[in-house]
Each structure stands twice: as C-alpha cells, then as structure tokens.
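To keep things clear, I will list the structure first and then write my remarks on it.
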Amino acid sequence: MTDQVKERIRPVKSILVSQPKPSNDNSPYFMLAEKYNIKVDFRPFIQVDPVSIKEFRQQKIDILNHTAIIFTSRNAVDHFFSICGELKIEMPADMKYFCISEQTANYLQKYIVIRKRKIFTGHRTAGDLIEILKKHKNEKYLFPCSDIRKDDIPVFLGENDFKFSEAVIYRTVASDLSDLEDVYYDILAFFSPSGINSLLVNFPDFKQNNTRIAAFGPTTAKAVREANMILDIEAPLPNAPSMTGAIELYIKKANGIK
C-alpha cells in the first residue's frame, strides 16, 4: 500500500459494485453489508448488445465450416446460439466445444445435450484453456467473442498456426448512468477496463476526490491508473483472492475493526 493510498484511508459506509445484483441470497456482498453495517448497491456499468444478422454476415464466416467452438463466457454462448437460431443452423453432433471454465461448459446444456457432445474444459483462465488447445491442433476453430476481448487466445492461435476464425457476435457498450450523477459512494468496485471506460463516458469530468476505487485483475488495475485515478483496493491479493475479501480487509483497516 503506497503512502498516497494510506493517506486516503477513511471509514467506509457505502459501496457501489459495477455488476448486476447477485441472484444468490448467500452472496458474500450481502454478508459484507450485514457484517459491517454498510450499504452495498449494484449497478451494471456495461451492457451487452448483439450484432445484427446483417453485421454477422458481413464477416463472411461459415459456422459449419469449423470443427470446434471456443467459448470464454456465457454471453458468448447465448449470442452464438441466438445467431445459429436466426440462421437456422443446427450444430452437428460431432462439433467439439472448448470452454474456459466448468461453469461455461455446464451453461451449454441450455442449448445442447452436453452428455452426448465432446466438451473440453479449462479451470478458469485463458492460460488453462490454451494448454488444452495445444493438444488439439488439427481442429478448425471458431472463436465467437465481443468487439472488446482479451488477446490471449487469438494471439496464441495465430502465432502457432492454428486454423481459426474470429467472429464478433456481440458488443460491450457503456450503460446509461446519468441518474448516478449526484450520488456519492465511498467505494466504487470495478471488474474490467470496460467498466472504467463506462464511468468516464458517462462522467467525462469525474473527480475521484475521496471516492476509493477497487479493481479486480491486472488489466482493470492498469485501466484505473491510465485514467489517472488512484487505485485504493487491488484484488486479488495473496490473502484475499476475491474482490469481497480485498474490500473486507480495507474496511477493517478503514473502520478500525480488529
């Protein structure tokens, strides 16, 4: 913790999490609010819009000319099968699916009978998935993604001469946050560079002042610093692998709780 961050430590009474409100009543955010008697609100700073069929066709991608699909999010799964539905494309039984996590793989059952399909699953990160892709170089991959995406997988595929196509099937855009203009929170919690971008798109004259910024992951932390804001809470930490864990450590220090 830098001296500048230490100087900014003051009691926390309210937090705005830049994500949708959890549907699970056991969310650690609710427990955090109850345990420390603080207000925790939720508001998605970004929204996902599908590309039109016309836009998809302009990319000149033949879905059935591929033998494997790479999914890195549930958004990608939803929008991919939505496009397939509009184009009246049915996935062949021998199509292979490479998913970034077990959660994403399980989500496929919304659209296909997963027990009859070849599904390969990473633990959680792009690096995990890349290790699996290395063992399946002879596939012809389709990577459905957002217009804003991480470079890891497409760069790996390109540098290692894999056969693959990248299809932009949805766009990540800033939500309208104009109703928050005169609302103050002690902590704003961010999870992606897109969230930081949304804040600045909505409030180009944003002054951080005493608002503490929390960021999850190195790319989000980098976006905070590049926006010339002070990063007060960085997650994950060795002793706090989650955003809520990192925030809780900060609250204990800021609110004088042992």
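Positions are given from 1 along the sequence.
The shortest non-hydrogen separation linking Y185 to V183 is CE1-CG1, 3.4 Å.
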Notebook entry, point to check: Please walk me through it: do F162 and F156 pass ring pair (Phe, Tyr, Trp, His ring centres under 6.0 Å)?
Noted result: CA-CA 8 Å; F162 279 68; F156 166 77; 5.3 Å; yes
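Through side-chain heavy atoms spaced under 4.5 Å, either directly or across other Ile, Leu, Val, Met, Phe, Trp or Tyr residues, I46 is tied to no other residue.
Around CG of N138, the count of heavy atoms belonging to other residues, nucleotides or ligands within 6.0 Å does not exceed 12. Surrounding CG of N239 are more than 12 heavy atoms belonging to other residues, nucleotides or ligands, all under 6.0 Å away. Atom CD of Q47 has more than 12 neighbouring heavy atoms from other residues, nucleotides or ligands inside a 6.0 Å radius. The environment of E102 atom CD is sparse: at most 12 non-hydrogen atoms of other residues, nucleotides or ligands sit within 6.0 angstrom. Residue Q58 places its CD atom among more than 12 non-hydrogen atoms of other residues, nucleotides or ligands, all under 6.0 Å distant.
Classification of R57 and E86 as a salt-bridged pair fails, no side-chain N sitting under 4.0 Å from a carboxylate O. A salt bridge links R212 to D186: at least one charged side-chain nitrogen sits closer than 4.0 Å to a carboxylate oxygen. Here D41 pairs with K39 in a salt bridge; the nearest charged N to carboxylate O distance falls below 4.0 Å.
How far CZ of R8 is from CG of D232: 4.0 Å, rounded to the nearest 0.5 Å. Here CD1 of I148 is found 4.0 Å from OG of S194. Values are rounded to the nearest 0.5 Å. Distance CG/N255 to CG/N37: 10.0 Å, rounded to 0.5 Å.
Side-chain polar atoms of Y107 and D78 form a donor-acceptor pair below 3.5 angstrom.
When atom types are taken as modelled, the side chain of D176 and the backbone of S178 share a donor-acceptor pair closer than 3.5 angstrom. A donor-acceptor contact shorter than 3.5 Å links the side chain of Q208 to the backbone of I230. For D62 (side chain) and L64 (main-chain N/O), a donor-acceptor pair under 3.5 Å exists by modelled atom type.
Relative orientation of the Y170 and H79 rings is parallel, given thresholds of 30° and 60° on the angle between their planes. Aromatic ring pairs are classed by plane angle as parallel below 30°, tilted from 30° to 60° and perpendicular above 60°; the pair F71 and Y97 is parallel.
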Side-chain polar contacts of residues 18-34 - donor-acceptor pairs under 3.5 angstrom, sequence neighbours left out - could you list them?
residue: S18; atom: OG; partner: A189; partner atom: O; Å: 2.6
residue: N24; atom: OD1; partner: N26; partner atom: N; Å: 2.8
residue: S27; atom: OG; partner: Y29; partner atom: N; Å: 3.2

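Legend: salt bridge (Lys or Arg N to Asp or Glu O under 4.0 Å) pairs involving residues 136-155, not counting sequence neighbours, sorted by first then second residue: K96-E139, R149-D151, R149-E166.
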